[in-house]
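First up is the structure itself, then whatever we jot down about it.
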Amino acid sequence: MKSIFEKIIDRELSAEIIYEDGLVISIKDINPISPQHFLVIPKKKYKNIQAVSNNDIHIFSHLFSVIQKIVIQENLNEKGYRVVINNGEYGGQTIDHLHIHIIGGRALRWPPG
Ligand code: AMP
């Protein structure tokens with residue numbers, strides 16, 4: 001079964017796309033927890049971090065190079081932002097398709113709940 005993100009990638013569900021290339025898509029989170037909240041999603045579906053095989057390990061460097069581009073594009077560079085992967089049940093992951101949150105636009109507290 002397709003994940004919500006695969007449906008967005010395949011244009012079966014609409015989303016506000018802020019970046020896309022051959023390997024990755026980035027969208028605005030539908031339920032933002034801060035003034036700027038984006039998701040960076042590999043187009044290939046990995047359930048979580050540990051589902052990425054050694055053959056595909058380059059996807060992590062690509063995801064982070066995309067984050068570098070997005071934070072410049074969205075003017076998050078100067079004030080700062082947080083990058084989060086909720087991984088698995090205890091990590092609070094709700095969609096079983098690996099994705100990275102970029103959260104910015106306000107000062108964030110630590111530790112998270
Ligand atoms: P996580 O809890 O880390 O699995 O994050 C899933 C995120 O996906 C949440 O922040 C949701 O608000 C977001 N989300 C769910 N459905 C959509 C959608 N259709 N478009 C954009 N973001 C979504």
Side-chain angles (χ1 to χ4, degrees):
M1 209 181 77
K2 279 188 183 179
S3 69
I4 288 175
F5 298 149
E6 286 173 296
K7 289 181 185 167
I8 289 170
I9 291 160
D10 293 343
R11 305 301 198 267
E12 292 166 17
L13 263 183
S14 67
E16 281 194 69
I17 298 168
I18 63 157
Y19 175 90
E20 185 170 22
D21 64 25
L23 296 175
V24 162
I25 193 166
S26 182
I27 60 173
K28 291 190 180 179
D29 197 292
I30 204 169
N31 189 19
I33 64 164
S34 65
Q36 287 167 287
H37 185 174
F38 310 111
L39 303 174
V40 187
I41 307 160
K43 288 186 169 177
K44 183 168 171 183
K45 181 183 175 183
Y46 307 100
K47 186 177 175 198
N48 51 30
I49 293 172
Q50 57 272 29
V52 177
S53 70
N54 267 339
N55 279 341
D56 281 1
I57 209 77
H58 65 278
I59 194 65
F60 288 117
S61 58
H62 187 66
L63 285 163
F64 275 85
S65 79
V66 169
I67 289 169
Q68 288 180 328
K69 289 191 182 110
I70 290 171
V71 297
I72 291 168
Q73 177 185 303
E74 303 296 330
N75 290 315
L76 286 166
N77 225 7
E78 197 183 316
K79 286 274 190 181
Y81 53 90
R82 188 170 292 169
V83 170
V84 172
I85 300 177
N86 296 322
N87 201 75
E89 183 188 349
Y90 276 18
Q93 183 175 4
T94 58
I95 296 182
D96 284 339
H97 180 147
L98 178 67
H99 52 283
I100 303 179
H101 297 255
I102 302 174
I103 302 161
R106 67 173 171 86
L108 301 167
R109 279 192 285 272
W110 189 264

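Just so you know, ligand 1 is whichever comes first in the structure, and atom 1 is the first atom listed for that ligand.
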Extract all donor-acceptor atom pairs below 3.5 Å that involve side chains of residues 106-113 and protein atoms in other chains or at least two apart in sequence.
| residue | atom | partner | partner atom | Å |
| --- | --- | --- | --- | --- |
| Arg106 | NE | Ile33 | O | 3.3 |
| Arg106 | NH2 | Ile33 | O | 2.9 |

Q: Check if Ala15 has a non-hydrogen atom at a distance under 4.0 Å from any atom of ligand 1.
A: no
Q.
Using a 4.0 Å cut-off to any heavy atom of Lys28, which atoms of ligand 1 qualify?
A. 21 (C)
Q: State, to 0.1 Å, how close Ser26 and Val40 come at their nearest heavy-atom pair, and which atoms those are.
A: OG-CG2, 3.9 Å
Q) Does His101 come within less than 4.0 angstrom of ligand 1, counting non-hydrogen atoms of the residue? A) yes
**Q.** Lys2 NZ: over 12 foreign heavy atoms closer than 6.0 Å
**A.** yes
Q) Counting only N and O atoms by type, is there a donor-acceptor contact under 3.5 Å from the side chain of Gln36 to the main-chain atoms of Asn75? A) no
Q) Which atoms of ligand 1 have any heavy atom of Gln93 under 4.0 Å away? A) 4 (O)
Q: Measure from the side-chain N and O atoms of Glu74 to the backbone N and O of Ile18, and report whether any donor-acceptor pair falls under 3.5 Å.
A: no
Q: Name the closest protein heavy atom to atom 15 (C) of ligand 1, giving the residue it belongs to and the distance to 0.1 Å.
A: Ile95 CD1, 3.6 Å
(Q) Counting only nitrogen or oxygen atoms and a 3.5 angstrom limit, does Ile4 reach ligand 1? (A) no
Q: Mark up the atoms of ligand 1 that fall under 4.0 Å of a heavy atom belonging to Asn31, in ascending order.
A: 12 (O)
Q. To which protein heavy atom is atom 1 (P) of ligand 1 closest, and what is the distance rounded to 0.1 Å?
A. His99 NE2, 3.1 Å
Q. At what distance is the nearest protein heavy atom to atom 7 (C) of ligand 1, and which residue and atom is it?
A. Asp29 OD2, 3.5 Å
Q) Is it the side chain, the backbone, both or neither of Ile27 that has a heavy atom closer than 4.0 Å to ligand 1? A) side chain
Q: For atom 2 (O) of ligand 1, find the nearest protein heavy atom and state the residue, atom name and distance (0.1 Å precision).
A: Thr94 OG1, 2.9 Å
Q: For Glu16, look at atom CD and say whether over 12 heavy atoms of other residues, nucleotides or ligands are found less than 6.0 Å away.
A: no
Q. In terms of the angle between their ring planes, are Phe5 and His97 parallel, tilted or perpendicular, with boundaries placed at 30° and 60°?
A. perpendicular
Q.
What I'd like to find out is whether the side chain of His99 reaches to under 4.5 Å of the side chain of Ile85, using heavy atoms alone.
A. no
Q) What atoms of ligand 1 come closer than 4.0 angstrom to any heavy atom of Asn86? A) 1 (P), 2 (O), 3 (O)
Q: Identify, by atom number and element, the atoms of ligand 1 in contact range of Leu39, meaning under 4.0 Å from any of its heavy atoms.
A: 8 (O), 13 (C), 22 (N)
(Q) Under 4.0 Å from a heavy atom of Gly92: which atoms of ligand 1 are those, numbered in the order shown and with their elements? (A) 2 (O)
Q) More than 12 heavy atoms of other residues, nucleotides or ligands under 6.0 Å from CD of Glu78: is that the case? A) no
Q | Top protein contact for atom 23 (C) of ligand 1, by heavy-atom distance | A | Ile30 CG2, 3.4 Å
Q) Does Leu13 have a heavy atom less than 4.0 Å from any atom of ligand 1? A) no
(Q) Check whether Asp10 reaches the backbone of Glu12 with its side chain - one donor and one acceptor, N or O, closer than 3.5 Å. (A) no
